[in-house]
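Being a predicted model, the structure only gives us computed values, none of them experimental. Just follow the structure's listing: the first ligand is 1, and inside any ligand the first atom is 1.
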Amino acid sequence: MPRHLLSMADLDAEGIRTILDTATQMHDVQKREVKKIPTLRGRTIINLFFEDSTRTRSSFEIAGKWMSADTINITGKGSSASKGESLRDTVRTIDAMGVDAIVMRHGASGAAHQVASWVQAHVINAGDGTHEHPTQALLDAYTMERRLGSLEGRHVAIVGDLTHSRVVRSNLISLRRLGADVTVVAPPTLMPSGIGTWAQREGFALSHDLDEVLQAQGPGRPVDALMMLRVQKERMSGGYFPTAREYTVGYGLTRDRLMRLTDANPHLVICHPGPMNRGLEISADAADAAQSLVLDQVSAGVAVRMSVLYHLLAGADDPIGAVATNEGSAA
Ligand code: ASP
């Protein structure tokens, strides 16, 4: 295991597999009446969030608490950063207290990498600007695998605001490493520059035509999983599409598209990292459909983050075997 988790590229296929397998054991803890295992007793984890979050921050906090770590939340607004303290001074101050891990979200791409070079603690990237969000990609893979089985040879379409999405960047790495075929779909204005070279290197397909991909005329095979991305209005400085209505008509998972799709492939699954813009990139019918895995993704988020914390923080003498047994929970 790497010392930090900053990018999905830090994990090879075997590393991803290890995290996902342990997450299955951690998921069992979630189903218990007493959700407590001793695995990270005596460890301290700081959640340092300079950007807003509901799912990621609370699931990291729950994950740490269920593993008996001491977890503390610091937000940009409530910290000395609001008094002008530099990021380096803030993280070195936290590090000097002797914490074991810093889970960090920041608006600047590359911030987690920088922080890792300044501190002794393990650093986990919980989203850095438009760059990466590795634990999101891990929980997406975990959720899809639970419904679809192995992702090897499965076709995943990722649709929407690619330019501003750290979720797509991490998912492209993990899905390709797990053997999935990926097509990314977006209007030309929301395709990041240089994506053609990137697609060639990583071996994924590009399209501007959602209906063509969904009719399997694009890459030539039906879509098994559809990942809808949020339109990230807070990161948009100009007009990336004429009107919200036109975006939805071209790229939204509307009720009509959902019906056509599920008629053709009843096993299709729908993911969204959240928060959803209902009525823009995803209709309420699709968000709440039987095929939607949105809440399964949230649930998996805790198990996957427990697994990541376990692999980064637990020592060799902390037996993973204790995790899934009642013996472990009684300790
Ligand atoms: N929650 C995810 C993130 O922080 C996706 C999103 O915000 O659209 O990147």
Open item on the list: Between His311 and Thr18, do the side chains contain a donor N or O and an acceptor N or O under 3.5 Å apart?
Closed with: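 Distance-only check fails for Thr18 and His311.
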
Distance-only donor-acceptor pairs under 3.5 Å for side chains of residues 113-122, two or more places apart:
{"residue": "Ser117", "atom": "OG", "partner": "Gln114", "partner atom": "O", "Å": "2.6"}
{"residue": "His122", "atom": "ND1", "partner": "Arg3", "partner atom": "O", "Å": "2.7"}
{"residue": "His122", "atom": "NE2", "partner": "Leu312", "partner atom": "O", "Å": "3.4"}

Open item on the list: I'd like to know whether CZ of Arg255 has more than 12 heavy-atom contacts from other residues, nucleotides or ligands below 6.0 angstrom.
Closed with: no

Open item on the list: Within a 6.0 Å radius of atom CG on Asp52, are there more than 12 heavy atoms belonging to other residues, nucleotides or ligands?
Closed with: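 Atom CG in Asp52 is not packed in, count stays at 12 or less.
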
Open item on the list: According to salt bridge (charged side-chain N to carboxylate O under 4.0 Å, His left out), does anything in residues 152-162 pair up with another residue at least two apart or in another chain? List the pairs.
Closed with: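 Every salt bridge (charged side-chain N to carboxylate O under 4.0 Å, His left out) pair that includes a residue of residues 152-162, provided the two are not neighbours, is Arg154-Asp224.
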
Which of the atoms in ligand 1, numbered in the order shown and given with their element, are less than 4.0 Å from a heavy-atom of [X]?
X	value
Gln232	6 (C), 8 (O)
Arg105	4 (O)
His133	3 (C), 4 (O), 9 (O)

Task: Contact check, Ser165 vs ligand 1, heavy-atom distance below 4.0 Å - done: no

Task: Heavy atom of the protein closest to atom 4 (O) of ligand 1 (residue, atom name, distance) - done: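 Nearest protein contact, heavy atoms only, for atom 4 (O) of ligand 1 is Arg166 NH2, 2.8 Å.
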
Task: Location of contacts on Leu229 toward ligand 1, heavy atoms closer than 4.0 Å - done: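 Within the 4.0 Å criterion, Leu229 makes no contact with ligand 1.
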
TODO: Supply the atom-to-atom distance Leu253 CG to Thr248 OG1, rounded to the nearest 0.5 angstrom.
DONE: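 That separation rounds to 11.0 Å.
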
Open item on the list: Would Arg230 count as being in polar contact with ligand 1, using the rule that some N or O on each side must be under 3.5 angstrom apart?
Closed with: yes

- [ ] Report yes if some N/O of Gly274 lies less than 3.5 Å from some N/O of ligand 1; otherwise report no.
- [x]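 Right, the criterion is met.
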
